[in-house]
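In what follows, chains carry the letters A, B, and so on, assigned in the order in which the sequence lines appear, proteins first and then strands, with residues in each chain numbered from 1. Just so it is clear, the model here is predicted, and its values are computed rather than measured.
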Amino acid sequence: MSQAEPPRLGAWLRELERAGVDVPRDVVVDLGRLLTEPELPRSEDARYDALLAELSQTVGVAGARAERLGDAQIASIVTLLVHGKGRAGAGKVTRTALAEQRLRILARADTLDVETLRLAATLGDRASFVDTLAALSSGALRAASRLSLSLLSRTGDHRVAPTARAHAANGYSGLARRGSIDALVPAELAWDDEELERRMLFDELSFYAREDVPEPAAHLTHVLVDVSASMRGDRATFARAVALSIGRAQLAKGEVVFRLFDARLSEPLRARGRALPVVELLSEKGERGRNTVRVLQTLADELAKIRAESGREQTTYLLTHGATDLPKPLLARIRESSRLVAILIAPRGAALVGYADAVDASVVVTSDDLRDPEAQAERGAAVVREVTG
Amino acid sequence: MIAEIATAFRDGDGTPFEDLVSRGRSAGGPRGAAALVVALTKPAPRAADHKRAALLLRDLLGPGDAAVGCAWFARDGQLPRTATPMDRARAGVLGPDEAARTYDAGGRTVRAAIAFERAGAKTEARQRWLRVAERADGDYERALAFLNVVRNAAGAGEARDAAARCIHAAESAADELLRSGERERAFDAYTVLLTLGRLTGVFEDAVEGYVGATRILQGDNLRRHAVGLFREAIRHAVDAGELAAAAVFAHDLAAYATTTGHTELAAWASEREAELLLADAERPELPRAIAEQRLLAAAAALAETDAFLSVRRVFLALGDKASTLERRAHFAAAARRYQGATDPPRRFAEDVAPPSLPAVWHVDLLEWENRGSILDATGDVILDPDEPEPARRHALVARVIGAHRAEAPELADALAAQQLGEAGVYGVLSPLEHLARSPSPETRVAVATALGRCFFKRSFAALRTLSIDPDVAVRRAVDGAIERLSFPHGIDALIRFVHAAREASTRAAALRALAKVDHEAATHALVELVTAGAPAERAAALRAIQRELGATERVTHAARERGLTISWTEAT
């Protein structure tokens, strides 16, 4: 008995065509169905059907199915399963050819980053094919996302929400998505640790909202993250994780904008309501050269413009490695418009240049801090607490 | 003298070397000298014959730069009595300290600094480099000067400030040079960063340099150099204890090898990536979350090489170490899938040496100080024992002409440009670029033709400027030069000419050059043009391909691999 084509097939095929990825229609049908429906697809090739059955049970495919992913994300996973991480599969893609590569396909599914899939799923269709593919292809993202969850739980970032939402009940003004730990709805504590951390990160916990707090003046936080090649290794992982945590902590004050930089300052990645641009922040590879002077000049100009036009209070967090001396005149220009906090991840074997007097606050994270097992997350949490106040 | 040389070139065309030498000896005076000048441009039975001709020429010439050049070429230590202290210093007959002070007195700060380095006088050298840094008019030269300050620093404190300034300048230079298409010079800027990083032990700077430099080599289709530099980057990262960064380099090498069709190298690099990730995951100080990520990434890399026994071992390790019970159970179940699997034989890849990087921190600053001077540039070529002998000879001839320039500047410039082109080495590019600004169309024609003999990406930059010259003869000379510059690392520049040159004849010349290059990147560019270009572009590309032996087969084969067909009749 033939199965009807999945209703979202057209969207998946369009994503693949737009990205220039070659996967035959029948394979897209099968893998797309596997990722979205409980029923196993069937073909006339027994070996291929056996592969699909095994795939269905892998961490990656089972995890993806549970997340209700967008079309772009489904298409990116199909690409990864068929073609691997950034490397073209050899030869024509057919059901028979895939069955012959059974172990390779299974390994791709087994090493799929489920945690990043969960992050992507929270953004639904807003995570693009390219972003999701880059995110899933990069092993470093998972480390960054795990570390950010860990940091968040240690920073204890629960601030009173500016206003209450929803309905009045029993002396409380209602329920809210943010609050202090003592206002947590008790049922939320039933989640296991990992799920609880994830829900904290994405504002999926419920709190009792106790009072109306007057709306503070709109504050603008800029979180700048160095994504140049000089950050390769654990530096990049740590910097992105800390950036997410700082952004999360600063949402209570107002607007948060992330800017990545290498030879240029990227377009702003804005938090959408309470949702941080996690996948975009973690998937952008960067490494297009480095031009610190130009980046700081551009930043200084933009901050001055914002200050002149809106008078908003601004804080800028600059996360980079500490091997380069940041030019003090440019730091001074930035401070004319914004509070400036430098978080410097120390290089191996080189003394840092002291420009603590050129910024409002600075934290130096040394190689020893990065190496210490328990202290890495603790250290990161301390960094976040120290610089966000 | 210039008029005699021009006449001698015209009359001596086809005259063998020995006849010209005899004519030179018997005629004497300017006519004799001119005959010897032309003789030096001809092949001779032995190298000693050219030396003999140069010494005869020295004796016929009066005191001055030309005679000194002859003595330098002959290397017999017999400089004319009228040779200046600077001439002696350049010939190496003075000790380094005396040479340094001579250059200093002559205002040649770069040469003085280099000589002080050779004399072991680091403090004096450093002071001169600081002076150069102050006077430098571009970020690239500033970066080089500060690198030299670091190289001659007395201690870490002194080096730190200079290193910071070097990095800012080098980063900025690389960025701007890439934007303006000067990829060779951008590569040199990245080598400044990686050299500085290796010197100071600051891994971040070295890695930025390695990434930028390998990217340029990849883009320029210099595969062997790219692979060699990748491997050096991996070794450097491992030596620095940066295993995760080393794994990223291995991953990049695997991806590059895959795109260039070198599957064995890709598999070797993936194996290396996995080894590095597994080693990094073993670090006791690594947080569990990151260790787990390393293991997963290693499994993914191993899977791409079909090493499924190793994949199983990694999943078994994850079954023990993963962060939650659920995940441990998943990985244990995954490991069972690979029961009975084997690993392929371990791959070996030929150890490709990294490209030998020139000491640009001296060479390019010397060029900067020379300011396009023919006398200085040709002197450097003549005195360099590593330059090929024909290049030194033609440089000598250019120098003799340049030394008499005042007699007939436009004619001298055109003749000198011609000889610089015959030399064809990197050191002649700067004077050619300087001559390209000549008000004389004849000189600019000679420069364009000469650039067509200098097989460097940098040649394209000057040709780009000359391609919009108001004089049609210059523009036609540019076309001829572009058609000659058909080499793999010029493909990118040729493609830019195809798309952006103002004149159809220039675009056609670039197409013909592309058709001559037997390289995948050139072939793919041509396939794009003949299948997806505008009608006029397609027709021009088809004509260029059909003119070139072997190109039709290459392009047809490449198109077929992509499922495309070509209509060859569109060429007419």
Side-chain angles (χ1 to χ4, degrees), chain A residues 54 57-59 62 84-88 90 103-104 106-108 110-111 113-114 139-143 146-147 149-150 192-194 228-235 237 263-264 287 289-294 321-327 347-351 353 370-374 376-377, chain B residues 156 160-161 163-165 167-168 171-172 174-175 178 200-205 207-208 210-212 237 240-242 244-245 248 254-255 258-259 263 266 277 283-290 292-294 296-297 299-300 302-304 306 308 311 315 323-324 327 330-331 333-334 337-338 341:
Chain A
E54 285 186 286
Q57 290 164 24
T58 59
V59 173
K85 292 184 180 180
R87 296 166 204 176
L103 286 181
R104 190 184 286 185
L106 285 172
R108 288 172 185 162
D110 280 325
T111 55
D113 184 349
V114 175
L141 292 192
R142 186 170 178 282
R146 285 287 293 152
L147 193 55
L149 289 171
S150 186
D192 65 38
D193 287 352
E194 192 177 323
S228 66
S230 56
M231 294 288 284
R232 276 193 178 185
D234 288 337
R235 297 168 195 81
T237 305
R264 297 286 179 277
E287 297 196 349
R290 197 163 193 264
N291 195 335
T292 316
V293 168
R294 188 187 176 113
H321 66 74
T324 308
D325 195 352
L326 300 178
R348 292 168 182 269
V353 179
L370 287 173
R371 281 200 282 268
D372 187 293
E374 288 305 312
Q376 183 171 10
Chain B
R160 192 185 303 139
D161 181 58
R165 298 176 79 173
I167 291 161
H168 292 154
E171 284 177 357
S172 182
D175 188 29
L178 276 174
T200 58
V202 175
F203 180 72
E204 288 84 344
D205 298 327
V207 78
E208 190 70 48
Y210 276 120
V211 170
E242 298 268 357
V248 178
T258 302
T259 58
T263 49
L277 289 166
R283 284 193 286 142
E285 65 274 21
L286 201 65
R288 180 187 278 198
I290 297 184
E292 193 177 321
Q293 174 269 316
R294 299 278 192 263
L296 266 183
L302 287 164
E304 295 303 320
D306 295 342
F308 296 114
V311 169
F315 282 139
S323 48
T324 66
R327 292 177 69 75
H330 266 301
F331 287 122
R337 273 195 273 281
Y338 305 90

K.L.:
Please name all residues satisfying salt bridge (charged side-chain N to carboxylate O under 4.0 Å, His left out) with A/E287, sequence neighbours left out, ordered by chain then number.
P.N.:
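If we apply the salt bridge (charged side-chain N to carboxylate O under 4.0 Å, His left out) test to A/E287, skipping adjacent residues, the hits are A/R232, B/R215.
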K.L.:
By a 4.5 Å heavy-atom criterion (distance strictly below it), what part of B/A299 contacts chain A: side chain, backbone, both, or neither?
P.N.:
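Looking at B/A299, backbone and side chain both touch chain A.
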K.L.:
Just so I understand: if I count every heavy-atom pair under 4.5 Å between each of B/L178, B/V248, B/L302 and chain A, which residue has the most?
P.N.:
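The candidate making the most pairs under 4.5 Å is B/V248.
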K.L.:
Where do B/V311 and B/A303 come nearest, in terms of heavy atoms and distance?
P.N.:
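For B/V311 and B/A303, the tightest heavy-atom pair comes out as CG2-N, 3.7 Å.
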K.L.:
Among A/A107, A/A229, A/S228, single out the residue with the greatest number of heavy-atom pairs under 4.5 Å to chain B.
P.N.:
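Among A/A107, A/A229, A/S228, the one with the most close pairs to chain B is A/A229.
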K.L.:
Relative to chain A, which segment of B/Y210 carries a heavy atom at a distance below 4.5 Å: side chain, backbone, both, or neither?
P.N.:
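For B/Y210, there is no contact with chain A at all, as no heavy atom is under 4.5 Å.
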K.L.:
With sequence neighbours left out, what residues match B/F308 under ring-ring contact (aromatic ring centres under 6.0 Å, His included)?
P.N.:
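Once residues adjacent in sequence are excluded, B/F308 has no partner under the ring-ring contact (aromatic ring centres under 6.0 Å, His included) criterion.
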K.L.:
Do B/T263 and B/T258 make a side-chain contact, defined as non-hydrogen atoms from C-beta onward lying under 4.5 Å apart?
P.N.:
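No. Closest side-chain heavy atoms not under 4.5 Å.
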K.L.:
Establish, from distance only, whether the side-chain atoms of A/H321 and A/S230 form a donor-acceptor pair under 3.5 Å.
P.N.:
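Side chains of A/H321 and A/S230: pair found under 3.5 Å.
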K.L.:
Chain A heavy atoms under 4.5 Å from B/V211: which part of the residue, side chain, backbone, both or neither?
P.N.:
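It is the side chain, since no backbone atom gets that close.
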K.L.:
Pick whichever of B/A244, B/A237, B/S172, B/A163 has the most heavy-atom pairs under 4.5 Å with chain A.
P.N.:
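Top option by heavy-atom pairs under 4.5 Å: B/S172.
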K.L.:
Highest number of heavy-atom pairs under 4.5 Å with chain B: which of A/V293, A/V59, A/L106, A/L103?
P.N.:
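Ranked by contacts with chain B, first place is A/L103.
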K.L.:
Heavy atoms only: give me the nearest A/T111-B/F315 pair and the separation to one decimal.
P.N.:
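Minimum heavy-atom separation between A/T111 and B/F315: CG2-CZ, 3.8 Å.
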